[in-house]
Amino acid sequence: MRSEVWQSGSELGPAASEVKVEPGDDGFALSTVWKLVHQMVKAIERKTVSEPSLTISALLQLNPVAAAHDVDTGDSLPVNYKSYRLSDKAQSHFQAVLKIIPYSPQVLCMGMDLTHLVVIMHLWKTISAAAVVGRSTRCGLFTPRMESYSKEGDVIFGILAAVHQETVIPSAKSLFTEPSAPRSCKRINPKYYQSISAMVFAINEINASPHLLPNNTLGFQIYDSCSSEAGAIGGTLQQLSGGKETTPNYFCHFSPKLAGFIGDGPTAEALPMARILGISLFPQISYAAGLPMLSDKIQFPSFLRTVGSASLQAEALVQLLLHYRWTWIGILFSDNDLGLQGSHMFKEEAAKNGICIEFFETLPTQAKRSPLAYVTNIIQTSSSNVIVCFASSKDITLVLKEISLQGITRKIWLGTTSWFTSTVFSQRSLWKTLNGTLGMIVQGGEILEFKEFLYNLDPLKNSKDIFIKTFWEQVFNCKLVDVFNETNGENMTVVNGFCSGAEKLESLDASVFEVKDFTIPYYAYKAIYALAMALHDLLHCNHQEGPFTNKACADPKDFQPWQMLHYVKNVRKRSSDGSGFLFDSSGDSAPLYDLLYWHTTSSDTSSFLKVGIYNGRASTGLRLVVNESIIFWGGKYHGVPLSVCSDSCAPGYRRSAMRGRPACCFFCVPCPDGSISNQTDALECMKCPDGQWSFSDKVQCVPKVIDFLSYKEPLGFILSLISVFLFLNATGSLCIFIRYRHTPVVRANNLHLSYILLVALMPCFLCSLVFIGRPNRVTCMLRQVIFAVSFSLAVSCVMAKTIMVVIAFRATKPNSNFRRWLSSRTSYTIILSCTTIELSLAVIWLATSPPFPELNNSAVNVNIEAACNEGSILMFYCMLVFLGLLACISFWIAFLARNLPDNFNEAKFITFSMLVFVSVWLSFIPAYLSTKGKYLVAVEIFAILSSGAGLLFCIFAPKIYIIFLRPEMNSREFLMKTSSMHNKTK
């Protein structure tokens with residue numbers, strides 16, 4: 001059935017069938033709709049019959065477009081169009097259309113031919129109206145009609161603004177047996193009235209401007225929402241309904257054209273407006289709503305604002321907390337959209353910046369004792385000194401009164417725009433509690449000549465202003481009688497309690513009518529200019545340079561709301577005060593915030609001081625500027641107050657979290673060696689880079705000192721002196737032995753082996769000098785080799801002397817085989833073979849993996865250890881093991897020969913010297929393994945000198961003692977005498 005209907009639509013002509021409804025269209029251009037209806041008339045004309053049917057006049061009379069106003073159709077209608085009749089075939093098509101429309105034609109609105117929509121809508125209305133004979137065709141919602149402050153113009157700006165600050169809702173009658181009384185508005189807020197005055201002033205400026213919207217006059221319709229959601233919804237629907245009966249989901253405002261909406265100021269009223277206007281994409285610009293949710297373009301596609309989102313205010317407050325290092329705070333918030341969203345957004349931003357929340361509580365909305373006592377107790381027992389409030393002035397006042405009664409004064413309050421400049425600061429009972437309060441408010445601007453405009457307001461001349469009478473009576477506390485009935489004012493009664501209308505607003509006290517702060521009026525003023533700039537751009541679009549499909553421009557006489565919205569979102573021009581308009585992708589502006597400080601003075605007055613500024617568009621770190629010099633914290637604190645869970649950790653320390661507490665509660669732990677922290681409250685200590693070490697205060701890293709055993713330090717100097725001293729002793733002993741070489745004591749036990757031993761001990765003592773000083777490649781290669789070879793030579797000499805003593809006493813027996821080993825060749829063979837083996841090991845070590853110098857950065861101390869890497873540890877230990885083997889063999893042989901006659905035997909002294917030697921090197925092993933750096937070198941030098949000194953003094957000291965102190969014992973007679981006594985004893 002549907003395909004037949006569509007096919008029959010082609011009879012309406014090509015002009016009709018080419019028109020399409022694009023997705024997102026919010027309505028039909030009036031001229032296009034009328035032209036299509038005219039094409040339909042022409043098609044029906046070709047099929048007319050004389051049978052009676054529905055007249056075209058009935059169709060046109062029920063057409064809301066035709067009924068609204070006269071439109072140029074392009075082709076004039078036939079003069080006798082009222083006598084036309086619809087044929088049976090045409091009626092059958094219409095009846096078929098009705099069968100596929102179960103409820104109303106709106107269900108088929110998406111994606112159809114515009115032609116088909118026209119046929120469906122108007123014929124459905126026609127036949128439905130004819131079928132219900134006698135029934136009224138009016139459709140509307142019964143609501144009390146709202147009065148408006150209006151001005152005629154070519155284009156109208158719809159304005160919803162809270163002028164009164166309270167709505168009085170009458171109590172409902174029992175069972176609704178009587179109509180309830182209409183809502184009434186109570187008490188005009190002078191600041192709110194200044195806002196609508198600023199918008200009227202802006203429109204007057206634009207109408208007088210030759211550059212902005214020339215040849216066009218702006219009009220307006222101002223509805224008062226009375227600070228209620230119901231008032232905002234009613235005013236919005238009434239403007240969409242053409243100022244007549246409220247008709248939801250219908251737009252009946254045809255002439256003059258409605259360009260867009262300004263308002264509402266408070267978030268609670270702007271939110272339902274945004275939901276309604278977002279359906280038809282009517283641009284809406286708010287001048288005070290800061291609810292972050294309104295930035296969501298999915299829910300609120302046509303909402304924009306000249307103020308910033310509360311999220312920007314949350315960011316500004318966090319930066320203020322960071323500026324003063326307040327990291328331990330409490331949060332109070334109202335149980336409404338602004339309080340909930342603002343506080344949660346602030347909480348998230350604070351957490352990102354390391355700020356901890358001690359308590360997060362909802363403010364009570366009623367003056368009930370229990371919830372007020374609960375919140376007050378939390379504040380009183382808290383350790384945080386800073387409290388951030390996202391609240392309405394009403395909610396915060398309830399808590400502040402209770403806190404004031406409890407005498408809680410040592411708290412710093414941070415306020416938001418929603419309450420910081422409210423009347424709460426005018427209550428003297430709260431001054432002691434609020435003294436020192438800081439707050440962020442949107443920075444205002446100067447509106448040139450606006451103050452004079454306000455001062456020139458006259459209730460006699462502004463008869464169309466429906467608010468001025470109430471405003472005048474309120475600010476002057478009088479009764480203004482018959483102002484609008486007596487235009488000349490001659491019959492007005494001017495007595496006590498009555499006004500003449502000639503009073504001067506400049507005579508009012510600032511507490512009643514403030515003219516120094518135009519913050520909210522300034523942003524209302526900017527909203528008017530933003531909408532006017534967009535309208536100017538739309539009306540002055542150049543042909544074939546437009547932003548729409550095929551570079552088309554909007555129809556200046558019949559532009560659509562979504563087309564106007566496009567231009568509003570892309571406003572880039574400047575207003576008369578020089579400030580710019582710029583909406584981001586979320587429809588928000590990024591205004592400046594003023595940081596205000598409220599305090600009491602010694603003269604029992606109070607004042608707000610501007611102490612800083614926050615620019616959300618500045619570079620990070622430069623957004624907040626605070627003038628500390630003009631802040632006086634009063635009697636609460638001496639200097640800037642603290643609000644921390646734990647005192648800050650000084651440089652050189654790091655935080656250590658307390659178990660079960662927020663991150664802002666911590667202990668301070670000193671940084672370990674080798675790491676530093678150069679900032680306050682460091683979370684981690686930084687490890688010093690290679691080659692550096694932490695200074696004693698753990699605040700900075702300093703270059704490590706290259707550490708080695710030096711001659712300049714006491715230990716190295718003493719060891720070098722000992723080494724030289726022992727070397728001189730060995731040299732002296734050699735000289736003595738050479739001088740007394742013919743004496744029996746020197747000649748006993750192989751004179752030449754004694755010479756070789758003394759010569760071998762000299763490099764043993766001197767090699768320790770190679771260990772002292774900064775290692776290099778040559779010293780690393782030589783010191784262990786010289787030590788090993790020289791000691792192997794010395795120990796092999798001792799072993800040879802011991803063996804020769806044993807052989808000598810064994811050879812005294814008759815027919816002994818040992819006599820053939822008594823020659824000196826035996827001892828030399830022993831020395832040469834042992835030394836050769838040690839030397840071979842040294843050569844292999846140097847050839848395969850020689851020692852080399854290195855700097856050890858891994859040492860956990862302030863120094864870099866300069867040491868020799870032994871290269872092949874295996875070869876190093878092979879040399880030591882072989883040397884130890886020689887020592888053990890010498891010790892064992894000497895121990896066996898200890899009972900031989902003393903005159904010809906030094907086996908006892910050799911035994912003792914080898915015992916010292918072995919003991920020293922056995923104790924060296926654990927000391928070597930447990931010592932690092934230069935002390936490792938000192939241990940090895942000590943072992944070398946101790947073992948060498950043991951050989952020198954244990955073997956040669958007794959003989960030198962006899963030579964110099966007991967010369968009588970160094971004679972042949974004494975030796976023969978002692979020998980004969982030994983034989984007798986034996």
Sidechain-backbone polar pair: S334 side chain, N336 backbone, donor-acceptor under 3.5 Å: no
Under 3.5 Å: donor-acceptor pair, side chain of K347, backbone of A350: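 Checked: no pair found.
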Set of residues satisfying salt bridge (charged side-chain N to carboxylate O under 4.0 Å, His left out) with respect to D224, sequence neighbours excluded: none
Sequence-distant partners of E229, salt bridge (charged side-chain N to carboxylate O under 4.0 Å, His left out), two or more places apart: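 With sequence neighbours excluded, E229 shows a salt bridge (charged side-chain N to carboxylate O under 4.0 Å, His left out) to no residue whatsoever.
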Pairwise ring pair (Phe, Tyr, Trp, His ring centres under 6.0 Å) hits with a residue in residues 375-411, at least two apart: F346-F390
Inter- and intrachain pairs under ring pair (Phe, Tyr, Trp, His ring centres under 6.0 Å), touching residues 313-334, at least two apart: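 Sorted result for residues 313-334: Y324-W326, Y324-W633, F333-F360.
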Distance only, no hydrogens: is a donor on one side chain within 3.5 Å (strictly under) of an acceptor on the other, for [X] and [Y]?
| X | Y | value |
| --- | --- | --- |
| S225 | D264 | yes |
| Q380 | N377 | no |
| K411 | S382 | yes |

Minimum heavy-atom distance A527-I285, with the two atoms named: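 Closest pair (atom of A527, atom of I285, distance): CB-CG2, 3.6 Å.
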Y523 to L592 - nearest heavy-atom pair and separation: OH-O, 4.3 Å
Whether W472 and F476 hold their rings parallel, tilted or perpendicular, with breakpoints at 30° and 60°: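 It falls in the tilted class, 30° to 60°.
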Parallel, tilted or perpendicular: ring planes of F471 versus Y193, cut at 30 and 60 degrees: parallel
ring-ring contact (aromatic ring centres under 6.0 Å, His included) partners of F359, counting only residues at least two apart: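 With neighbours one apart ignored, the set is empty.
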Worked verdict on C356 versus C645 for disulfide (SG to SG under 2.5 Å): CA-CA 9 Å; C356 300; C645 181; over 6 Å; no
Qualifying salt bridge (charged side-chain N to carboxylate O under 4.0 Å, His left out) pairs with a residue from residues 298-326, counting only residues at least two apart or across chains: R305-D588, E315-R623
Matching residue for F425 among Y597, W413, F608 - test: ring pair (Phe, Tyr, Trp, His ring centres under 6.0 Å): F608
